[in-house]
Each structure stands twice: as C-alpha cells, then as structure tokens.
Enquirer: 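Got a structure for you, questions after.
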Amino acid sequence: MNTNIDPDLPSYSIGVAQKKTSLTARQIRYYEQEGLVKPARSDGNQRLYSKNDILELKQIKELMGQGLSLAGIKKLKKSNEK
DNA sequence: TTTCTGACA
DNA sequence: TGTCAGCA
C-alpha cells in the first residue's frame with residue numbers, strides 16, 4: 001500500500017491521539033493549552049493531530065517519565081527551538 | 001457516540 | 001490530573 005501522506009497532514013482525533021500516545025484527553029489538551037503541541041482544528045472545533053503531533057506528544061510523555069514537568073518541558077522546547 | 005470549553009478539587 | 005455540566 002502506498003500511504004503517501006505528509007507527517008504534518010492532520011487526520012487524527014483526540015481519541016486516536018490517546019491510543020497512540022497512551023495519554024488522556026486531559027493531558028493532551030493541557031499540553032496544547034501550554035503550547036507544547038499545536039494541533040489543527042476541524043469540524044466545529046475538533047482538534048486534528050498529525051503523525052508529527054502524535055510523536056510530539058510521545059516526546060512529552062518521555063520527558064515526563066524522566067522527571068520533567070510542563071514548565072521543564074516548555075523550557076527544554078524553548079531551548080531547542082530558540 | 002465523541003469532542004470541546006470552563007471551572008473546581 | 002480527574003471529573004462534571006452543557007453544547008455541537
């Protein structure tokens with residue numbers, strides 16, 4: 001099969017994101033609220049996550065498992081991007 | 001049925 | 001972070 005979809009092509013609902021990241025909708029929404037992830041919006045106001053966003057959420061989960069907090073991840077992300 | 005927002009513990 | 005209510 002040839003699924004040539006871009007890694008930034010948003011097509012996952014939060015339910016799929018939960019399954020793919022092992023996180024809860026609360027955590028995913030909170031991370032987005034903090035600006036850690038930037039999902040697209042569709043049908044009304046539904047979040048649409050891309051493969052890239054799913055990976056981003058997994059990265060956040062990994063950092064949390066390393067003893068980091070939202071503030072710590074935000075600071076780390078800021079250092080990486082800036 | 002699922003998702004979204006806001007608010008509280 | 002979990003949970004509740006009302007809404008689309």
Side-chain angles (χ1 to χ4, degrees):
Chain A
M1 300 91 91
N2 183 352
T3 43
N4 286 30
I5 56 178
D6 291 287
D8 289 353
L9 178 63
S11 51
Y12 303 111
S13 53
I14 198 161
V16 179
Q18 284 178 112
K19 185 180 177 77
K20 290 184 173 289
T21 65
S22 304
L23 291 168
T24 64
R26 248 322 174 174
Q27 285 176 275
I28 296 170
R29 289 186 193 129
Y30 189 54
Y31 302 156
E32 197 235 359
Q33 180 186 310
E34 293 296 296
L36 266 55
V37 292
K38 299 141 273 201
R41 261 357 203 214
S42 181
D43 183 35
N45 222 15
Q46 314 290 102
R47 287 174 177 79
L48 287 183
Y49 290 92
S50 61
K51 286 185 173 178
N52 192 314
D53 294 318
I54 300 302
L55 294 174
E56 295 293 296
L57 292 169
K58 286 186 177 180
Q59 302 309 309
I60 296 167
K61 195 186 74 155
E62 290 294 296
L63 295 167
M64 294 286 261
Q66 291 173 53
L68 279 133
S69 55
L70 267 300
I73 298 168
K74 289 196 311 190
K75 185 179 177 137
L76 183 70
K77 188 181 177 128
K78 185 177 179 180
S79 298
N80 282 327
E81 296 189 358
K82 193 163 185 199

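Computed from heavy atoms alone, side chains included, the values below leave out hydrogens, waters and symmetry copies. Just so it is clear: chains get the letters A, B, ... in the order the sequence lines come, proteins before strands, and each one is counted from 1. Note that the structure is predicted; figures quoted are calculated from it, not measured.
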Enquirer: May I ask you to evaluate whether A/Tyr31 reaches the phosphate of C/dT1, defined as a side-chain N or O under 4.0 Å from OP1 or OP2?
Expert: yes
Enquirer: Look at A/Arg47 and B/dC4 and indicate whether a side-chain polar atom (N or O) is within less than 4.0 Å of OP1 or OP2.
Expert: yes
Enquirer: Treating A/Lys74 as the side-chain partner and A/Gly35 as the backbone partner, does any N or O pair qualify as donor plus acceptor under 3.5 Å?
Expert: no
Enquirer: Please give the nucleotide sitting opposite B/dT1 as a Watson-Crick or G-U wobble pair, both distances under 3.5 Å, or none.
Expert: none
Enquirer: Does A/Gly44 reach a base, just sugar-phosphate, or nothing at all? Heavy atoms under 4.0 Å.
Expert: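 Answer is nothing: A/Gly44 stays at 4.0 Å or more from every strand.
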Enquirer: Starting at atom CG of A/Leu48, determine the distance to atom P of B/dT3, rounded to an integer number of angstrom.
Expert: 11 Å
Enquirer: Identify the two heavy atoms, one from A/Tyr30 and one from A/Leu70, that lie closest to each other, and give their separation to 0.1 Å.
Expert: CE2-CG, 3.7 Å
Enquirer: If I take atom CZ in residue A/Arg41 and atom P in nucleotide B/dT3, what distance separates them, rounded to the nearest angstrom?
Expert: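 Whole-Å distance recorded here is 13 Å.
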Enquirer: What distance do A/Gln27 atom CD and A/Gln18 atom CD have between them, rounded to the nearest 0.5 Å?
Expert: 9.5 Å
Enquirer: Mind calculating the distance between CD (A/Gln33) and P (B/dC4) to the nearest angstrom?
Expert: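 So the two atoms are 13 Å apart, to the nearest Å.
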Enquirer: Taking atom P of B/dT5 as reference, at what distance in whole Å does atom CG of A/Asn45 sit?
Expert: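 Going from A/Asn45 (CG) to B/dT5 (P), I get 5 Å.
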Enquirer: Return the 5'-most residue of the pair A/Gln46, A/Leu70 with respect to DNA chain C, ranking by each residue's nearest nucleotide.
Expert: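 It is A/Leu70, whose closest nucleotide lies nearer the 5' terminus.
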Enquirer: Checking the side chain of A/Asp53 only, and the main-chain atoms of A/Ser50 only, is there a donor and an acceptor separated by less than 3.5 Å?
Expert: yes
Enquirer: Expressed in angstrom and rounded to an integer, what is the separation of A/Arg29 atom CZ from C/dC4 atom P?
Expert: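 Answer to the nearest Å: 14 Å.
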